[in-house]
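Following: one structure in structure tokens, then a few remarks.
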Amino acid sequence: MNSEHHDWRDAFHSYKDFEHAPPVSFAIEGFLQNDAATLIGGLSGHGKTLLMLSIAKALLSRHSDKKLWGYFDVLETATRVLYLIPESGITPFKHRLKLFHLRRYLKDDRLLVHTLSKGPTLRLSDPRILRAARGAHVILDTAIRFGKGNENEARDNQEGLASDIFRLLGVGARTVLGAHHSPKSFAKENAMTLETVLRGSANMGAMVATAWGIKQLDAQRNVIHIENIKPRDFEPVGPFQLIGRPYIDKEGSFRMHKEPGKCGSLMEEVQRNKGGAPQQAREKHAANIEMLRRFLQRDPMATSKELSERFEKAGIRVKPGTIRKYKMEISK
């Protein structure tokens, strides 16, 4: 080959490069992809930080046969996790680390934390961050705090956050996991897409391999609905739900509430939760309707009072006014 060919050919991969390139791999099977960026998007206060702490715990644990939330296989043990959280001081974050039994990992420098209390937000291009990130999992809470411009502007992202995340991966970070706020309008949405879940979605979604949308459906029990809204080069699991209370206090992590395959989409789950009476009450209602049908087949002219008395004899208390409503249902 002449020298002119070498001037441009060396800028491109060779056939052998592709032959020897490793396959797509995961730190957490089907959830957290290696050598790539992953986002968790959700409204403020809906549990993004708690989810990422539970992920950090799964990565740092040395237990064999590890599973994140009792479902996703954890395929490697982290040498180090960097947790960068410029939105919190050390005191409240210390409490969260204690809840998830993570403080032990601070002692041997396997968990490195930078909070608001440590000083100004570190640039992801800071040489200290780049050195610490080699072979580590990097968690950004929230990711946009490390950008250099307006999150809705493609150019700002290209020159700021996106390039910095790619630089982290380029120096050898195993994964980059970031939290990202949803637009306020997501509070009224019953569908999860990149557009509804991620603020500045067109640009934020473009730079990541995987994105997960979350929405808290029950604040008292901290039930969180999760769906994959962007998979790159893998087939994601279906929607699933986690439950936090009382398990975070008792066990230091979430538990699976509804597994993939047993959980509907956000819209289906919201409709189910708003679908009136609980399942037990609906079953009781259906049984009463069926019993009334039998009574009326035997005596179609019976009054509501007489029918109420027959329910009473069967050990079921149903008022005459309720009988009249049942009759209207039957007649429809």
Side-chain angles (χ1 to χ4, degrees), residues 26-28 30-34 36-61 66-72 74 76-78 80-90 92-103 105-106 110-116 121 124 129 132-133 136-146 161 165 168 173-182 197-199 204 208-216 222 224-230 240-244 247-248 251-256:
F26 289 81
I28 301 176
F31 189 88
L32 184 64
Q33 192 173 146
N34 279 322
T38 298
L39 280 182
I40 295 178
L43 294 164
S44 179
H46 277 225
K48 296 187 293 296
T49 295
L50 300 183
L51 288 177
M52 292 198 297
L53 286 172
S54 63
I55 293 167
K57 180 180 180 180
L59 290 168
L60 288 164
S61 171
K66 298 186 294 181
K67 288 184 181 293
L68 174 65
W69 308 317
Y71 187 88
F72 297 96
V74 182
E76 61 182 59
T77 298
R80 185 165 55 250
V81 171
L82 275 58
Y83 203 112
L84 311 178
I85 180 167
E87 296 182 349
S88 174
I90 191 171
F93 199 65
K94 173 185 175 182
H95 173 69
R96 293 177 177 183
L97 292 178
K98 183 177 180 180
L99 280 176
F100 283 86
H101 306 167
L102 280 165
R103 292 170 63 187
Y105 301 113
L106 296 169
R110 291 184 60 220
L111 176 61
L112 301 177
V113 178
H114 188 283
T115 73
L116 180 65
T121 301
L124 297 181
I129 295 292
H137 298 269
V138 182
I139 299 179
L140 310 177
D141 189 2
T142 59
I144 204 63
R145 294 291 175 244
F146 298 90
L161 180 59
I165 286 177
L168 287 171
R174 294 295 289 156
T175 65
V176 177
L177 173 64
H180 189 62
H181 291 310
S182 297
V197 173
L198 299 182
R199 208 160 66 193
M204 294 300 295
V208 299
T210 309
W212 299 91
I214 74 167
K215 195 169 195 178
Q216 188 182 70
N222 197 8
I224 299 176
H225 183 90
I226 303 176
E227 292 186 26
N228 186 280
I229 54 175
K230 182 186 178 181
F240 62 96
Q241 290 178 4
L242 304 176
I243 182 168
Y247 303 109
I248 292 176
E251 302 171 3
S253 193
F254 289 90
R255 272 195 184 184
M256 186 66 73

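Residues: numbered from 1 along the sequence shown. Side-chain atoms are counted along with the backbone in the values below, which use heavy atoms only and exclude waters and symmetry mates.
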Taking the side chain as C-beta and beyond, is there a heavy-atom pair between [X] and [Y] under 4.5 Å?
X	Y	answer
Leu111	Val113	yes
Met256	Leu242	yes
Thr175	Val138	no
Ile248	Phe100	yes
Thr210	Lys230	no
Leu116	Ile90	no
Ile144	His180	yes
Leu50	Ile224	no

Exercise. Measure from the ring center of Phe31 to the ring center of Tyr71 and say whether it is less than 6.0 Å.
Key: no

Quiz item: Between Phe72 and Phe240, is the ring centre distance below 6.0 Å?
Solution: yes

Self-check item: NZ/Lys66: more than 12 non-hydrogen atoms of other groups inside 6.0 Å
Solution: yes

Quiz prompt | Flag if over 12 foreign heavy atoms under 6.0 Å of NZ, Lys67 | solution = yes

Practice problem: Given side-chain contact (heavy atoms from CB on, under 4.5 Å), test Leu106 with Leu112 step by step and report yes or no. | Solution: CA-CA 7 Å; Leu106 296 169; Leu112 301 177; over 6 Å; no

Exercise. Please test Leu32 against Leu59 for side-chain contact (heavy atoms from CB on, under 4.5 Å), starting from the C-alpha separation and ending with a verdict.
Key: CA-CA 10 Å; Leu32 184 64; Leu59 290 168; 4.0 Å; yes

Quiz prompt | Residue from Leu198, Ile214, Leu43 passing side chain to side chain contact (heavy atoms under 4.5 Å, CB included) with Ser182 | solution = Leu43

Quiz prompt | Residue among Ile55, Leu102, Val74 satisfying side chain to side chain contact (heavy atoms under 4.5 Å, CB included) with Leu60 | solution = Leu102

Quiz item: Would Leu84 and Leu124 satisfy side-chain contact (heavy atoms from CB on, under 4.5 Å), going step by step from the backbone distance to the final call?
Solution: CA-CA 10 Å; Leu84 311 178; Leu124 297 181; 3.8 Å; yes

Practice problem: If the plane angle is over 60° it's perpendicular, under 30° parallel, otherwise tilted; pick one for Phe254 and Trp69. | Solution: perpendicular

Measure the [atom1]-[atom2] distance between [X] and [Y] for me, rounded to the nearest 0.5 Å.
X	Y	atom1	atom2	answer
Glu227	Gln241	CD	CD	9.5 Å
Arg110	Tyr105	CZ	OH	6.5 Å
Leu99	Leu53	CG	CG	9.0 Å
Met52	Thr38	CE	OG1	11.5 Å
His225	Lys215	NE2	NZ	9.5 Å
Lys94	Arg96	NZ	CZ	15.0 Å

Minimal non-hydrogen separation, [X] against [Y], with atom names:
X	Y	result
Thr121	Pro86	OG1-CB, 3.1 Å
His101	Lys57	ND1-NZ, 3.8 Å
Leu68	Ala58	CD1-CB, 3.9 Å
Gly178	Ala143	CA-CB, 4.2 Å
Ser88	Thr115	O-CB, 3.2 Å
Val197	Gly42	CG1-N, 4.4 Å

Exercise. Would you please test Leu177 and Leu140 for side-chain contact (heavy atoms from CB on, under 4.5 Å) and show each step?
Key: CA-CA 6 Å; Leu177 173 64; Leu140 310 177; over 6 Å; no

Quiz item: Under 4.0 Å between a Lys/Arg side-chain N and an Asp/Glu carboxylate O for Arg174 and Glu76?
Solution: yes

